[in-house]
Visitor: 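Sharing a structure here in C-alpha cells format.
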Amino acid sequence: MDLEQLLALQELDTRLAQLGHRLTHDPALANLAAAQAAVADVERRELELFGERDVVRQELKRLEDEASLTEEKIAKVNDTLYGGVVTAHKELESLQHELAMLKERLGGFEDLELEQMELAEPLEARATALAAEKTAAIANVGDAEMGVTAMQAEVGAELDTVTSAREAQAATLPESLLAQYDKLRTALGGQGAARLAPGGRCEGCHLTLPRAEYDAIKHEPPDAVHLCPECGRILVR
C-alpha cells in the first residue's frame, strides 16, 4: 500500500473544497450583489422622487381645476354684465366688483400654477436622470449575471473532472484506510492526511514530533499508518 496515493486523494479533496467555496464566494457573486443593490438604490430614490413629483402634480391639477372653474364664473358674470338683462346700476356695480374679484383670484391661481411648474421642472429632470441611471444599472445586473453563469459553468466543469479523478483515486486505496481517512477529513475541516516532513514536522498542524517518536516512525514499514499525536491526521512520509 502506497500512502502517497492518500496524499494524492487529499489534494483532490482539497481542490473539491476550493471549488465548492468558489461557487458561493467567487467575486462574480459579489459583483452581482453590488449590481442588484445599485438597482434597488435607484428604485428607492425613484420612489422618493415620484412621491415629491406626485405632490406637485396634484397641487398643480387642483390649481388648474380652480382656475378653470373661475374662468367659467368669469364668463357667466361677463354674459350677465354685458348681456343687457341687468340694467339696475347697483346690480351692474356688484357684477363689476364680482368680476374684478374673480379676475384677481384667477391671477392668483395662475401665479401659483407657475410656482408649481417651476417646482416640477427640476423634479422631471431628476426623473429623467434616474431613468437613465436605472437603465445602466439594470444593464450592469445583466452583465454580472452572465459573469456568474460563466463562473458556474467553469467551476461545474472542473468539479466534474475532479470528482471523476477523486473516484478513480479512491478506488486505489484499501476500503478500511479510505473509511478512516474520510472520517478524519470530515472531523478535521477537510484534511484527513498530511505530509510528515523531514525532521518530523506534521504539515497538517505544523507540530514537530518528539525525536524518539519520529525515529520510531522512520523505522516502520512504508505502509504503516501513523496518526499525528497533535491533530490526529494520517501521516504520510
Side-chain angles (χ1 to χ4, degrees), residues 10-76 100-166 185-186 188-191:
Q10 178 64 75
E11 289 179 4
L12 292 169
D13 282 330
T14 298
R15 185 56 185 157
L16 286 174
Q18 291 169 343
L19 291 170
H21 183 271
R22 185 182 172 191
L23 279 176
T24 55
H25 294 81
D26 191 88
L29 297 169
N31 290 341
L32 176 58
Q36 292 170 333
V39 172
D41 179 64
V42 174
E43 290 176 340
R44 176 188 58 77
R45 286 183 283 138
E46 270 189 332
L47 285 176
E48 292 176 357
L49 175 62
F50 292 163
E52 294 178 45
R53 190 175 65 178
D54 286 346
V55 170
V56 172
R57 285 179 172 179
Q58 289 168 6
E59 180 61 11
L60 181 59
K61 179 66 168 58
R62 185 189 71 79
L63 292 170
E64 288 172 344
D65 290 344
E66 291 285 358
S68 179
L69 289 173
T70 303
E71 287 173 344
E72 290 177 8
K73 291 179 181 178
I74 289 173
K76 288 180 182 179
M101 289 182 61
L102 288 170
K103 287 182 177 180
E104 182 179 354
R105 185 181 183 193
L106 179 61
F109 286 138
E110 290 173 343
D111 289 341
L112 291 173
E113 284 179 41
L114 286 174
E115 290 179 8
Q116 292 303 310
M117 290 178 183
E118 288 173 356
L119 290 174
E121 186 175 348
L123 294 177
E124 294 296 343
R126 283 171 56 196
T128 300
L130 278 177
E133 185 179 346
K134 184 176 180 180
T135 298
I138 290 173
N140 287 338
V141 169
D143 292 341
E145 287 175 339
M146 287 191 289
V148 169
T149 299
M151 178 275 292
Q152 290 172 335
E154 178 187 340
V155 173
E158 189 175 355
L159 275 172
D160 290 341
T161 300
V162 178
T163 298
S164 296
R166 202 266 181 200
R185 182 170 58 86
T186 300
L188 299 172
Q191 186 178 12

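Position 1 is the first residue of the sequence; numbering continues from there.
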Visitor: First locate atom CZ of Arg185, then atom CG of Asp13, and finally report the distance between them rounded to the nearest 0.5 Å.
Guide: 4.0 Å

Visitor: So which heavy atom on Gln116 is nearest to which on Val56, and how close?
Guide: O-CG1, 3.4 Å

Visitor: side-chain contact (heavy atoms from CB on, under 4.5 Å) with Glu48: which residues, sequence neighbours excluded?
Guide: Arg44

Visitor: Tell me the closest heavy-atom pair linking Leu19 and Val155, and the distance in Å.
Guide: O-CG1, 3.6 Å

Visitor: Can you name the residues that form a side-chain hydrogen bond (donor to acceptor under 3.5 Å, both in side chains) with Thr163, not counting sequence neighbours?
Guide: none

Visitor: Run the salt-bridge test on Arg53 and Glu46 with the 4.0 Å N-O cut-off and return the result as yes or no.
Guide: no

Visitor: Under 3.5 Å, side-chain donor or acceptor atoms of residues 136-150 against the rest of the protein: list the pairs with distances, not counting sequence neighbours.
Guide:
{"unit_1": "Asn140", "atom_1": "ND2", "unit_2": "Ala136", "atom_2": "O", "d": "3.4"}
{"unit_1": "Thr149", "atom_1": "OG1", "unit_2": "Glu145", "atom_2": "O", "d": "3.0"}

Visitor: For Met101, does the CE atom have more than 12 heavy-atom neighbours from other residues, nucleotides or ligands under 6.0 Å away?
Guide: no

Visitor: If I take atom CG from residue Leu119 and atom CG from residue Leu114, how far apart are they, to the nearest 0.5 angstrom?
Guide: 11.0 Å

Visitor: Kindly state each residue pair satisfying salt bridge (Lys or Arg N to Asp or Glu O under 4.0 Å) with at least one member in residues 110-123, sequence neighbours excluded.
Guide: none

Visitor: With sequence neighbours excluded, what pairs up with Arg62 under the side-chain contact (heavy atoms from CB on, under 4.5 Å) test?
Guide: Glu59, Glu66

Visitor: Identify, with sequence neighbours excluded, every residue that meets salt bridge (charged side-chain N to carboxylate O under 4.0 Å, His left out) alongside Glu64.
Guide: none

Visitor: What closest approach, in Å, do Leu29 and Leu23 show between heavy atoms, and which atom pair accounts for it?
Guide: CD1-O, 3.1 Å

Visitor: Output all residues satisfying side-chain contact (heavy atoms from CB on, under 4.5 Å) with Ile74, sequence neighbours left out; order by chain, then residue number.
Guide: Thr70, Asn78, Leu99, Leu102, Lys103, Leu106

Visitor: I need the Ser68 OG to Leu63 CG distance, nearest 0.5 Å.
Guide: 12.5 Å

Visitor: Tell me, please, which residues at least two apart from Glu133 pass side-chain contact (heavy atoms from CB on, under 4.5 Å).
Guide: Val42, Arg45, Leu130

Visitor: Starting at OG1 of Thr14, measure out to CD of Gln10 and round the result to the nearest 0.5 Å.
Guide: 4.0 Å

Visitor: Which pairs pass salt bridge (Lys or Arg N to Asp or Glu O under 4.0 Å) with one or both residues in residues 20-30, sequence neighbours excluded?
Guide: Arg22-Asp26, Arg22-Glu154

Visitor: Of all residues at least two apart in sequence or in a different chain, which pass the salt bridge (charged side-chain N to carboxylate O under 4.0 Å, His left out) check with Arg15?
Guide: Glu158

Visitor: Could I get the full list of salt bridge (charged side-chain N to carboxylate O under 4.0 Å, His left out) partners for Glu72, not counting sequence neighbours?
Guide: none

Visitor: Considering residues at least two apart in sequence or located in another chain, which fulfil the salt bridge (charged side-chain N to carboxylate O under 4.0 Å, His left out) criterion with Lys73?
Guide: none

